[in-house]
Amino acid sequence: PIHHGHLILARDAAEQLELDELLFIPAALSPHKLEQAPATADARVEMLRAAIVGEPQFCLDTLELERPAPSYAVETIEALRTRDPSAQFFYLIGEDNVGQLSTWHRFTDLSKMVQFAVLDRTGLKTEHPFPTVRRHVDISSTDIRNRVARGQSIRYLVPPAVEEIIRRRQLYRES
């Protein structure tokens, strides 16, 4: 689920990279997480919409949910470039994904279409050639899902509206 760590780093990225807008795009199915069963698409969209309400720079785009799975970043960027050919795109990735970046589907094509920027919430300062937005935030979606499954509180980890959606839809109850 989207959490405060994502939102804090998104705000920092928007400011540091001087972004006009920041798109949150839920994947139909990430090719890197094929073994995980995500929350339903409509639940993830509802949580994203609730989390970014009141943030005029933050936008929700469901284009990946409108295509067959899995969701490949290069296809998403191609679709966005078709919509707005003059736009410059930054592709924000978590620091934990940098090592696998070269294995992404059509990585060479993708790297010509975007400027990658790394969101580092670990504080480890790993070496790579990309601009980096750093802020140590020790919140993870995995921990949130595990806490929900164990019946523990996720207050202060996610926006209250997201917590309510998780409770109401009974998401992440299975460990």
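Sequential numbering from 1 along the given sequence is applied to the chain's residues. Side chains included, hydrogens not; waters and symmetry mates left out as well; all remaining heavy atoms used.
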Test side-chain contact (heavy atoms from CB on, under 4.5 Å) applied to [X] - qualifying residues, sequence neighbours left out:
X: E78; answer: V74, E75, R106, M113
X: D138; answer: H136
X: V53; answer: none
X: A51; answer: I2, L7, P159, V162

For this session: Determine yes or no for a side-chain-to-main-chain donor-acceptor pair under 3.5 angstrom, with T62 supplying the side chain and L65 the backbone.
Result: no
Problem set entry | Residues forming a salt bridge (charged side-chain N to carboxylate O under 4.0 Å, His left out) with R169, sequence neighbours excluded | D42, E46
Problem set entry | Partner residues of R49 under the salt bridge (charged side-chain N to carboxylate O under 4.0 Å, His left out) criterion, sequence neighbours left out | none
Problem set entry | Pairs meeting criterion ring pair (Phe, Tyr, Trp, His ring centres under 6.0 Å) with involvement of residues 62-88, two or more places apart | Y72-H105
Exercise. Does anything in residues 7-27 pair up under ring pair (Phe, Tyr, Trp, His ring centres under 6.0 Å), and if so which pairs, sequence neighbours excluded?
Worked result: F24-F58
For this session: Return each pair, listed once, that meets side-chain hydrogen bond (donor to acceptor under 3.5 Å, both in side chains) where at least one residue sits in residues 12-21; pairs must be two or more places apart or across chains.
Result: D12-R135
Seminar exercise, completed: Residues passing the ring pair (Phe, Tyr, Trp, His ring centres under 6.0 Å) test with H128, sequence neighbours excluded, are F130
Exercise. Name the one of L9, N97, I8 that satisfies side chain to side chain contact (heavy atoms under 4.5 Å, CB included) with L119?
Worked result: L9
For this session: Please work out which of the three classes, parallel, tilted or perpendicular, describes the rings of F116 and Y91, given edges at 30° and 60°.
Result: perpendicular
For this session: Among residues two or more places apart or on two chains, list those pairs meeting salt bridge (charged side-chain N to carboxylate O under 4.0 Å, His left out) that have a residue in residues 88-101.
Result: none
Exercise. Salt bridge (charged side-chain N to carboxylate O under 4.0 Å, His left out): which pairs involve residues 152-162, sequence neighbours left out?
Worked result: none
